[in-house]
Amino acid sequence: EPLFRSGPPGEMESLLDALSVTYTRWGRTTCPSGAEVVYSGIAGGAHYTQVGGGTNYQCLPEEPIYDDINDAGVGSYMYNAEYEVTQFKASDVEIQDDVPCVVCRVKRKSSLLVVPARNVCPSNWRLEYAGYLMTAHHTHAHPMEFACMDRQPEAIPRSRSNTNGALFYFVGGRCSGHLPCAPYKHDVQLTCAVCTV
């Protein structure tokens with residue numbers, strides 16, 4: 001029996017149109033060409049000094065919607081996220097600027113892949129954006145996930161205030177007895193690529 005049966009005209013097109021993937025573009029307010037904005041917002045996460053709470057960055061919508069408030073209290077907190085690096089090439093983002101984000105949707109794609117240590121995609125995959133691998137500082141009490149920050153990041157206007165909530169630092173390889181020194185370079189910023197197919 002054939003894997004795919006032919007159906008009415010347009011049926012395959014309808015199935016293809018139903019496929020999509022979403023991803024967060026860290027450090028930007030717009031999606032790349034070919035992707036649509038689901039929503040834009042501000043990056044947030046747990047405070048870098050806290051030992052509990054979530055371990056992933058969140059792209060928080062610009063306008064939250066709350067349910068009925070109750071007096072149950074909270075046990076964890078969400079903070080803004082800041083760039084903790086002095087400069088990005090090809091960008092005027094500065095240390096202490098708050099990090100924007102945008103959630104993007106790409107139609108007619110079924111898989112999403114974030115490739116660390118490369119700024120290009122595997123063969124037959126489409127590059128959505130490339131950038132730098134970032135996360136919390138290795139000495140901080142609160143670990144965070146690795147995130148692919150756009151190579152040309154933006155900042156939230158008038159946000160430089162050093163509130164030190166969730167923080168983004170460049171990630172460098174350690175090749176002295178850890179990663180292989182060829183081809184990895186010691187303490188050089190690792191790149192990343194967000195890819196779809």
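- Considering every non-hydrogen atom in both Ala35 and Cys104, the closest pair reads CB-CB, 4.2 Å.
- The stretch residues 105-155 participates, sequence neighbours left out, in these disulfide (SG to SG under 2.5 Å) pairs: Cys121-Cys195, Cys148-Cys192.
- Rounding to the nearest 0.5 angstrom, the gap separating the CG atom in Leu15 from the CZ atom in Arg108 is 10.0 Å.
- Annotation: side chain of Val194 is in contact with side chain of Leu112 (closest heavy-atom distance under 4.5 Å).
- Nearest heavy atoms, Gly54 versus Ser76: N-OG, 4.4 Å.
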**Message:** Apply side chain to side chain contact (heavy atoms under 4.5 Å, CB included) to residues Glu84 and His137 and explain how you reach the verdict.
**Reply:** CA-CA 9 Å; Glu84 284 296 310; His137 197 276; over 6 Å; no

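- Once rounded to the nearest 0.5 Å, the distance linking OG1 of Thr29 with CD1 of Ile156 reads 9.5 Å.
- The main-chain N or O of Thr30 is found under 3.5 Å from a side-chain atom of Arg25 such that the two form a donor-acceptor pair.
- The shortest heavy-atom contact between Leu127 and Ala193 is CD1-CB, 3.8 Å.
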**Request:** Could you check Tyr23 against Val106 for side chain to side chain contact (heavy atoms under 4.5 Å, CB included), going step by step and ending with a plain yes or no?
**Result:** CA-CA 9 Å; Tyr23 61 88; Val106 185; 3.7 Å; yes

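- Between the side chain of Tyr39 and the backbone N or O of Cys59, at least one donor-acceptor pair lies under 3.5 Å.
- Crowding of Asn124 atom CG: a count of heavy atoms from other residues, nucleotides or ligands under 6.0 Å not exceeding 12.
- Here Tyr48 pairs with His140 under the ring-ring contact (aromatic ring centres under 6.0 Å, His included) rule; sequence neighbours left out.
- Between the Thr55 side chain and the Pro143 main chain, no donor and acceptor come within less than 3.5 Å of each other.
- In this structure, the separation between CE on Met134 and CD on Gln189 is 8.0 Å, given to the nearest 0.5 Å.
- Listed by first and then second residue, the ring pair (Phe, Tyr, Trp, His ring centres under 6.0 Å) pairs involving residues 148-168 are Tyr57-Phe168 (not counting sequence neighbours).
- Residue pairs meeting the ring pair (Phe, Tyr, Trp, His ring centres under 6.0 Å) criterion with at least one member in residues 100-122, sequence neighbours excluded, do not occur.
- Screening residues 160-176 for salt bridge (charged side-chain N to carboxylate O under 4.0 Å, His left out) gives Glu94-Arg160, Asp97-Arg160, Arg174-Asp187 as the qualifying pairs, with residues at least two apart or on separate chains.
- Side-chain atoms of Tyr83 come within 3.5 Å of backbone atoms of Glu154 as a donor-acceptor pair (strictly under, hydrogens ignored).
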**Request:** Begin with the C-alpha distance, continue with both residues' side-chain angles, and end with the deciding distance and a verdict on side chain to side chain contact (heavy atoms under 4.5 Å, CB included) for Tyr79 and Asn164.
**Result:** CA-CA 8 Å; Tyr79 295 86; Asn164 284 335; over 6 Å; no

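- Listed by chain and number, the residues in a side chain to side chain donor-acceptor pair (under 3.5 Å) with Glu36 are Arg105 (sequence neighbours excluded).
- A search for side chain to side chain donor-acceptor pair (under 3.5 Å) contacts involving His186 returns nothing, not counting sequence neighbours.
- By the side chain to side chain donor-acceptor pair (under 3.5 Å) test, Ser159 is found to be paired with no residue, residues two or more places apart in sequence or in another chain being considered.
- Taking every heavy atom of both residues into account, Gly44 and Met78 meet most closely at C-SD, 3.6 Å.
- By the 4.5 Å heavy-atom criterion applied to side chains, Val99 and Pro153 are not counted as neighbours.
- Counting only residues at least two apart or in different chains, ring pair (Phe, Tyr, Trp, His ring centres under 6.0 Å) contacts with residues 93-135 comprise Tyr132-Phe170.
- Remark: Glu82 engages no residue in a salt bridge (charged side-chain N to carboxylate O under 4.0 Å, His left out) (not counting sequence neighbours).
- Separation of atoms CG (Leu16) and NZ (Lys109) is listed at 11.0 Å; rounding is to 0.5 Å.
- Counting heavy atoms from C-beta on, the side chains of Ser40 and Pro100 never come closer than 4.5 Å.
- Checked against side chain to side chain donor-acceptor pair (under 3.5 Å), Thr49 has the following partners two or more places apart in sequence or in another chain: His47.
- A distance of 7.5 Å separates CD in Gln152 from OG in Ser91, rounded to the nearest 0.5 Å.
- Partners of Glu62 by salt bridge (charged side-chain N to carboxylate O under 4.0 Å, His left out), not counting sequence neighbours: none found.
- Annotation: side chain of Pro116 is not in contact with side chain of Val171 (no heavy-atom distance under 4.5 Å).
- Taken to the nearest 0.5 Å, the CG atom of Asn162 stands 7.5 Å off from the CD1 atom of Ile95.
- Closest approach of Ala46 and Gly52 over heavy atoms only: CB-O, 4.3 Å.
- Heavy-atom minimum distance, Pro32 versus Glu128: CG-O, 3.1 Å.
- Of the possible polar contacts, one joining the Thr191 side chain to the Arg118 backbone as a donor-acceptor pair under 3.5 Å is found.
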